[in-house]
Amino acid sequence: MALIEARSVSRNVATTAGKLQILSPLSLAIDAGEVVAIVGASGSGKSTLLSLLAGLDLPSTGDVIVDNVSLGDLDEEQRAILRGEKIGFIFQSFLLIQSLSALENVMLPAELAGSRNPEKQARELLEKVGLGERLTHYPNQLSGGEQQRVAIARAFIGEPQILFADEPTGNLDTETGSRIEELLFELNREFGTTLVIVTHDDSLAQRCDRVLRIAGGKLVEQGANTEAGAEEKSSAKGNLATGSKEATTDVA
Amino acid sequence: MWHKISWRLLKHELRRGELTIMAAAVALAVCAVLSLSVFSERLQLGLMERSAEFLAADRVLRSRGAEIPTEWLERAEQEQVAWARRTTFNSMAFANDELALVDVKAVSDGYPLRGHLEVASEPFTEGVIAEGLPGPGEAWVQGSLFQQLNLALGDRLEVGESEFLVTKVLSSEPDSGFNVFADSPTVLIHYSELAGTGLIQPGSRVNYNYLFAGSASDLASFENWLVPQLDDVSQRWQNIQDGDSPLSAALERAERFMLLASLLGVVLAATAVAVAAQRYAQRNFDAVAVMKTLGGRKGQVARIFTLHLLLLTSVSILIGLLLGIALQASVVGWVSGALGYDLPNTGVGPYWLAIATGLLCALMFSLYPLLRLLNVPPLRVLRRDLDASGLSRWLHWGISGTTIFALMVLYSGSYLLSLALFAGGLLAMFLLLGISRLFIRASRTAGMQAGSSWRLAMAGLQRRARENSMQMLSFSVAVMLFLLVLALRNELLEDWRGQLPDDAPNFFVVNVASQQAEPMQAMFAREGLSATELYPIIPGRLTAINGTPVRDAVSKEERDDSEFREGFGRELQLTWQADLPAENVLREGQWFAPGESGVSVESQVADRIGVGLGDELTFRIAADEFTVPVTSIRDVDWNTMQPNFYMVFSPNLIENMPATYIASFYLPDDRRPELYSLFREFPQASLIDVEDILAQVRDVISHVSLAITFVMVLVIGAGGLVLVAQVQATLEERQQELVILRTLGARSSLLTRAVTYEFVMLGALAGLIATIAMELSIYVLQTQVFNMAPSLHWRFWVLGPLLGATIVAALGWSVCWRLLRQQTGNLIRQLA
Ligand SMILES: Nc1ncnc2c1ncn2[C@@H]1O[C@H](COP(=O)(O)OP(=O)(O)OP(=O)(O)O)[C@@H](O)[C@H]1O
Ligand SMILES: [Mg+2]
């Protein structure tokens with residue numbers, strides 16, 4: 001049973017030049033515990049797809065089903081609650097709240113969900129991402145990599161079933177980027193979280209169970225990785241990728 | 001849980017100074033309203049008290065010819081209103097075998113209810129405050145009678161059938177007024193002595209005045225009971241504002257100015273709040289998007305930010321209150337010190353008003369930005385350009401307009417004034433908006449030939465023409481209100497100073513015989529005293545208008561009231577002049593041509609008795625009756641210390657009738673001792689010392705000047721805040737662009753200069769627009785609200801643009817400099 005399922009979703013936007021289709025109808029399914037990369041050229045529609053899968057936006061046609069709930073049937077409030085309960089996010093630009101300290105940023109989702117005392121958990125998570133000493137620092141006192149680690153801690157505090165990451169390493173140097181990657185996979189292993197990662201980074205895509213390739217708003221490929229990363233991944237979690245078994249030919 | 005988030009956000013934002021402008025604006029509005037309303041209320045109470053001294057009471061009931069029913073006075077006592085009698089009539093007095101016409105003034109215990117009597121032991125010297133009233137058989141007598149009757153203290157003075165011992169020189173009476181003609185020297189006796197003089201007989205012309213004083217509410221309820229019962233012919237109810245007091249005009253203007261200026265101050269502070277609130281919302285767009293993405297529900301987010309705002313507002317209101325209290329206390333202390341007496345205290349009203357203003361300002365002006373904020377879609381986390389859509393701008397304008405109107409009503413307590421100001425403001429805003437767009441468009445070509453910083457600056461102006469015209473609007477409004485208040489203040493002060501120059505006449509000389517008129521003029525010239533002309537006075541009565549007889553209190557004929565026209569009911573002081581008297585202004589008609597016969601009527605009197613050009617007036621002078629046409633209507637400034645007349649005749653008519661003469665002159669303080677010797681050759685002439693009245697008026701005016709200066713400072717503060725808020729907002733919005741230009745290698749000096757030039761232009765244009773708008777508004781205000789002559793303010797045409805350019809550019813420069821001083825990398829990170 002797929003955790004996330006897209007049924008012929010598409011997205012049109014109205015522009016001055018008329019209606020523009022930025023995502024052609026596509027269907028896909030992502031299983032619980034799976035690690036999926038969405039790749040494609042800039043402007044191809046990756047973020048658009050991500051926003052639809054995460055319920056941040058609604059498709060023009062089709063429907064997205066998350067954990068057996070059709071997002072189209074929910075209103076904005078209900079989708080917010082669903083996000084709060086099941087979904088975590090990491091963004092290229094971190095998007096920490098500038099007026100809250102690292103600890104407070106991490107606690108925020110739990111507090112919004114009404115959790116009584118999220119501080120202990122938030123501390124532990126920050127320890128885990130290596131920022132145990134920086135709890136009271138504000139975002140502008142942290143480096144990009146550090147901010148992203150805070151964002152990861154924030155994403156995991158609600159123990160989400162799904163984590164969406166839009167180019168989580170895009171703003172970071174290679175070394176910091178791979179540290180962040182490590183962290184993501186580690187948390188994925190520990191909590192069994194399903195990861196959906198938009199990335200331009202091939203080596204990151206390689207390590208995922210499956211790669212969804214988008215070109216010009218069309219899903220052109222959704223194959224399983226056969227390489228080392230994927231094996232390492234599947235052995236760790238025992239959840240086998242369910243996508244099509246066509247061989248993937250990765251492009252550099 | 002959510003309240004913790006609000007608190008945390010607030011704490012950090014306060015510490016980083018992100019909310020300072022918003023907090024400062026709210027605090028300023030609260031502080032301004034509090035200090036202004038407390039101060040102006042206290043000042044007004046003080047002024048009322050002082051002005052009441054001109055009446056010697058809060059209210060006076062004047063009754064001609066007859067006492068009022070005693071139950072009226074009993075009623076006053078029931079209402080906790082204090083009262084005293086003041087009965088006056090003219091009589092002859094004898095002393096040392098000489099005879100003089102005097103004004104007998106019999107007063108009862110308690111007189112004066114307001115102000116003080118002052119007595120001295122020598123005529124025309126400084127008096128001291130008198131305790132009580134003249135005792136049985138005693139009289140206090142004005143200085144000029146000493147001169148006329150060769151009196152000395154201890155002499156006996158015969159009035160009617162009584163004989164009084166002259167025990168003191170009456171040097172100052174609070175209610176002496178300005179009516180120099182009526183003023184034969186006063187002989188003050190106790191009311192209980194009145195009957196003994198035998199002078200009160202049926203038909204004798206006696207003025208029975210009743211003085212009342214009490215709290216405003218008691219007086220009001222007494223007044224409501226009493227006034228409907230007055231017959232309005234022989235009985236007249238009078239209070240300080242009724243225009244008889246020389247101060248009433250000044251007071252009224254000052255009151256209007258304070259009200260207007262504080263309204264403008266509040267509107268400015270509100271504008272600053274609005275600008276800052278907009279920024280506040282924009283700054284939190286990301287936070288809201290993130291919260292929503294992380295599962296925050298709309299209601300939750302709304303609660304977080306509403307509480308956030310409420311906390312901020314409460315803190316700001318508290319600061320505003322504290323500042324207001326401190327400011328008000330120090331200003332009141334200062335003013336009291338300058339005036340030499342304490343100002344009365346007020347109730348808690350102003351505090352509520354201030355708090356209400358703070359809440360209204362902060363909450364209503366943040367309402368639209370807040371609604372926008374709450375509508376930010378979570379998708380903004382991926383599509384950074386998204387902000388709240390679907391909220392109409394009209395909602396914004398609607399809310400702001402309603403709030404400003406509500407503030408105006410709350411503050412002025414008058415729908416009419418608020419509506420007028422509001423409509424005027426709206427009109428001015430559209431005009432300003434139109435003009436600023438025009439200016440920005442016109443400046444396009446001008447910038448093309450300029451150097452690189454200028455070109456960049458011009459490009460900046462062009463690209464943001466739309467936002468810039470809004471900015472320009474708020475710059476212009478701030479500069480305009482600032483100029484307006486400054487100009488108005490100067491106008492008012494100058495106007496008052498013009499009325500009462502330091503050498504304003506402080507003595508009147510009356511009863512000058514015609515053969516002495518020329519010697520007296522010669523004496524003035526010889527002694528270098530600045531004096532007015534000597535005006536002839538011929539007493540006479542107006543008996544008919546266009547052949548219809550006028551009602552006259554002393555006419556003995558019993559006739560149906562409806563057959564009469566409204567007249568004066570008393571003797572008039574008539575004069576003749578070949579030329580229009582100085583400081584009189586012709587309103588209608590022409591001044592007499594040589595040989596023409598006619599009369600020129602003072603405008604207020606003309607309105608009251610309903611005569612206009614061409615009407616035929618019949619006068620009786622002694623036994624002669626004659627009829628003349630009205631050939632002109634004059635405006636007379638009654639606040640000037642010179643002889644003024646209701647009726648001025650052409651010379652040919654009454655030139656040869658027996659007249660006495662009157663003049664006023666200025667005698668410097670150090671020459672007062674010479675007074676006796678100067679006038680020794682004119683023993684019949686009477687001198688009237690108006691120095692006290694002048695001093696009182698000057699004192700009140702210095703008061704009011706202080707007050708309006710204080711109001712002006714507050715308005716300037718509010719205007720400055722609007723400018724700071726707007727510049728800050730503008731530059732923050734453009735931070736990104738600046739950073740990009742910087743990253744692309746633009747030197748910071750180039751950028752700073754470009755921004756500064758842009759703001760120089762914006763500021764200068766705003767200043768120019770503001771000056772134009774200021775001239776228009778001041779014209780309307782001067783003619784419609786303050787009853788002053790309109791004037792142009794050339795200085796402001798330079799000052800306005802200069803001020804606008806300097807302030808706006810300086811602010812722009814400092815904000816930009818602060819932005820660019822930071823490392824580019826740091827800036828980029830902040831923008832992420
Ligand atoms: N509201 C909109 N109006 C117009 N065009 C839009 C809108 N939303 C997205 N697009 C267009 O749709 C296309 C896909 O956008 P999207 O953000 O999904 O690209 P992306 O694959 O994430 O690119 P990148 O790798 O650069 O982030 C782009 O060309 C974008 O300009
Ligand atoms: Mg993208």
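Every value quoted in this text rests on a predicted model; they were computed, and no experiment measured them. Lettering of chains follows the sequences in order, A, B, ..., and the numbering in each one begins at 1.
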Flag yes if more than 12 heavy atoms outside A/Arg134 fall under 6.0 Å of its CZ atom; otherwise flag no.
yes

Identify, with sequence neighbours excluded, every residue that meets side chain to side chain contact (heavy atoms under 4.5 Å, CB included) alongside A/Ser44.
A/Lys46, A/Ile214

Mind checking side chain to side chain contact (heavy atoms under 4.5 Å, CB included) for A/Leu20 and listing every partner two or more places apart, or none if nothing turns up?
A/Val13, A/Thr15, A/Ile22

Decide yes or no on side chain to side chain contact (heavy atoms under 4.5 Å, CB included) for A/Thr48 and B/Leu382, but give the supporting numbers first.
CA-CA 8 Å; A/Thr48 307; B/Leu382 289 173; over 6 Å; no

Output the residues of residues 57-66 of chain A for which the shortest heavy-atom distance to chain B is under 4.5 Å, in residue-number order; output 'none' if no such residue exists.
A/Asp57

Which residues, numbered in order, of residues 79-87 of chain A come under 4.5 angstrom of chain B by heavy-atom distance?
A/Ala80, A/Ile81, A/Arg83, A/Gly84

B/Leu294 side chain reached by A/Leu108 side chain, heavy atoms, under 4.5 Å:
yes

Does some side-chain heavy atom of B/Val381 sit less than 4.5 Å from a side-chain heavy atom of A/Phe89?
no

Would you mind checking which part of A/Glu76 comes under 4.5 Å of any heavy atom in chain B, side chain (CB onward), backbone (N, CA, C, O), both or neither?
side chain

Candidate pair A/Glu111 and B/Met291, rule side chain to side chain contact (heavy atoms under 4.5 Å, CB included), full reasoning:
CA-CA 10 Å; A/Glu111 283 180 322; B/Met291 283 184 194; over 6 Å; no

Side chain to side chain contact (heavy atoms under 4.5 Å, CB included) for A/Ile97 and B/Asp286? Distances and angles first, verdict last.
CA-CA 8 Å; A/Ile97 292 180; B/Asp286 275 343; over 6 Å; no

Charged N to carboxylate O under 4.0 angstrom, A/Glu77 versus B/Lys292?
no

